[in-house]
Amino acid sequence: MASVGFIGLGNMGAPMMRNLIKAGHKVKAFDLSETARKSAADAGASPCAHAADAAKGVEVVVSMLPAGQHVKSVMLGESGLYALADKNTLFIDSSTIDVATARLLSDEAAKAGHAMVDAPVSGGVGGAEAGTLTFMVGGPDTAFARANPFLEVMGKTIVHAGGPGNGQAAKICNNMLLGISMIGTCEAFALAEKLGLDAQKLFDISSKSSGQNWSMTSYCPVPGPVPASPANRDYQPGFAAAMMLKDLKLAVEAAQVAGATIPLGAEAAQLYAMMAGAGQGGLDFSGIIHMLRGKA
Ligand code: NAD
């Protein structure tokens with residue numbers, strides 16, 4: 001069993017860390033929040049007062065932080081973990097961040113004598129708790145091979161998407177498609193209402209027809225057809241609209257840099273920005289149906 005440093009013990013990081021402990025790894029844990037560090041200690045981790053303490057004397061450092069600027073501030077510079085960790089540490093960054101930063105972090109890790117993979121996840125807090133996350137991994141073959149046994153403890157599906165940054169590329173492409181498909185699904189249900197077509201009937205037909213998609217069959221935006229969907233609990237997330245907006249902004253930014261044309265992705269970003277601007281960012285992303293019906 002290995003010694004692992006874990007940085008970022010929030011909604012996702014804490015349960016991922018607990019699964020590493022359950023598998024027998026020794027975990028040194030750090031978060032800016034004292035409450036998070038205390039919970040980590042209760043779960044069997046050694047809490048650390050500084051990020052550097054969690055990164056020294058370990059084989060692997062996993063990070064699960066809000067955005068690219070947080071990962072850069074923790075990893076880079078004279079007091080960053082790349083400078084302070086033992087040589088040849090494996091860094092696994094599971095945060096969802098922009099592709100350019102993921103590639104920069106990979107280059108800097110190599111310069112400092114470490115290995116790094118970007119390994120963002122899909123599956124949400126439920127998947128993190130159950131150890132069933134999907135990991136989309138970017139990085140060299142050797143780094144992927146070292147990371148895989150740790151990822152298998154926290155997830156069920158692990159795909160090596162290619163070189164550095166390709167895990168993040170897969171994540172934003174997937175979530176852009178998800179945002180677009182949710183808006184399309186909401187529009188179909190809102191139109192059905194106006195046309196006097198019962199939502200359950202539309203579901204029975206479309207979920208077995210060419211309009212079938214995950215937003216409809218797993219996160220159906222109206223109450224009833226899919227009992228576990230957030231629509232049945234007043235749109236409590238689930239996957240918050242604010243997080244969808246974050247991922248859509250990353251897709252728009254990446255498309256600008258890469259010269260890709262994504263008119264629907266850009267429109268989806270604008271619609272989720274309107275939803276968040278109306279104070280609804282904490283609702284599940286399927287709650288955008290209220291706005292599309294013309295009701296906030
Ligand atoms: P969160 O806000 O619950 O947790 C982030 C944690 O990082 C917080 O505990 C915060 O105190 C800590 N933190 C911030 N800056 C730090 C620093 N410099 N050093 C140490 N700790 C620091 O967020 P989350 O929901 O756990 O999401 C983490 C990442 O996973 C994000 O990039 C998010 O986009 C991605 N993600 C989240 C979900 C989800 O459903 N929540 C799903 C897939 C991907």
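- The nearest pair of heavy atoms linking Leu76 to Glu108 is CD2-CB, 3.7 Å.
- Put simply, the side chain of His114 never gets that close to the backbone of Ala83: no donor and acceptor are under 3.5 Å apart.
- The distance from the CZ atom of Phe135 to the CZ atom of Phe150 is 12.0 Å, given to the nearest 0.5 Å.
- Taking every heavy atom of both residues into account, Phe91 and Ala85 meet most closely at CZ-CB, 3.9 Å.
- One finds no salt bridge joining Lys249 and Glu253 here, because no Lys/Arg side-chain nitrogen approaches an Asp/Glu carboxylate oxygen to under 4.0 Å.
- Without hydrogens or angle criteria, Ser95 side chain to Ala67 main chain gives no donor-acceptor distance under 3.5 Å.
- Considering Phe239, Phe285, Tyr235 as possible partners of Tyr219, the one that fulfils the ring-ring contact (aromatic ring centres under 6.0 Å, His included) test is Phe285.
- In this structure, the side chain of Lys171 engages the main chain of Val121 through a donor-acceptor pair within 3.5 Å.
- Rounded to the nearest 0.5 angstrom, Met16 CE and Asn11 CG are separated by 12.5 Å.
- A pairwise comparison of heavy atoms in Ala190 and Arg293 identifies CB-CG, 4.1 Å as the closest pair.
- Using a 4.5 Å cut-off on side-chain heavy atoms (C-beta onward), Met136 and Ser122 make contact.
- Side-chain atoms of Asp31 and Met17, non-hydrogen and from C-beta on, never get closer than 4.5 Å to each other.
- Residues Asp42 and Ser39 bring no donor and acceptor atom of their side chains to less than 3.5 Å of each other.
- Rounded to the nearest 0.5 angstrom, Asp204 CG and Ser209 OG are separated by 10.0 Å.
- The side-chain heavy atoms of Leu202 and Val222, taken from C-beta on, include no pair separated by under 4.5 Å.
- Side-chain contact between Met176 and Leu248 is present, with heavy atoms from C-beta onward closer than 4.5 Å.
- How far CE of Met75 is from CD1 of Ile7: 6.5 Å, rounded to the nearest 0.5 Å.
- Checked by atom type and distance alone, the side chain of Asp53 never pairs as donor or acceptor with a backbone atom of Cys48 at under 3.5 Å.
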| request: Could you walk me through whether Leu90 and Glu59 pass side chain to side chain contact (heavy atoms under 4.5 Å, CB included), step by step? | output: CA-CA 6 Å; Leu90 170 66; Glu59 289 169 43; over 6 Å; no
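- Looking only at side-chain heavy atoms (C-beta outward), Met182 and Tyr272 come within less than 4.5 Å of each other.
- Using a distance-only test at 3.5 Å, with no hydrogens or angles considered, a donor-acceptor pair links the side chain of Gln168 to the main chain of Ile97.
- The two atoms that bring Arg146 and Pro149 nearest to each other are O-CD, 3.3 Å, heavy atoms only.
- For the pair Ala40 and Ala29, the tightest heavy-atom approach, listed with the atom from each and the gap, is CB-CB, 3.9 Å.
- Here the closest non-hydrogen pair linking Gly238 and Pro230 is CA-CG, 4.3 Å.
- Distance check: Ile262 CD1 to Ile180 CD1 gives 7.5 Å after rounding to the nearest 0.5 Å.
- The number of heavy-atom neighbours closer than 6.0 Å to CG of Asp234, taken from other residues, nucleotides and ligands shown, is 12 or below.
- A donor-acceptor pair is defined here as one N or O able to donate and one able to accept, closer than 3.5 Å; such a pair exists between the side chain of Asn232 and the backbone of Val226.
- With hydrogens and angles ignored, the 3.5 Å screen pairs no side-chain donor or acceptor of Lys194 with any backbone N or O of Phe189.
- In the model, Thr89 has no side-chain atom that pairs as donor or acceptor with a side-chain atom of Asp86 under 3.5 Å.
- Using modelled atom types, one side-chain atom of Asp118 and one backbone atom of Gly165 make a donor-acceptor pair closer than 3.5 Å.
- Annotation: the span from Asp284 atom CG to Ser229 atom OG amounts to 8.0 Å, rounded to 0.5 Å.
- Using a 4.5 Å cut-off on side-chain heavy atoms (C-beta onward), Arg18 and Pro15 make contact.
- Checked by atom type and distance alone, the side chain of Lys26 never pairs as donor or acceptor with a backbone atom of Ser46 at under 3.5 Å.
- For the 3.5 Å distance criterion, the side chains of Thr96 and Asp247 fail to qualify, holding no donor opposite an acceptor.
- Formation of a donor-acceptor pair under 3.5 Å by the Ser106 side chain with backbone atoms of Ala102 is not found in this model.
- The side-chain heavy atoms of Val257 and Asp98, taken from C-beta on, include no pair separated by under 4.5 Å.
- Side-chain contact between Met244 and Leu178 is present, with at least one heavy-atom pair separated by less than 4.5 Å.
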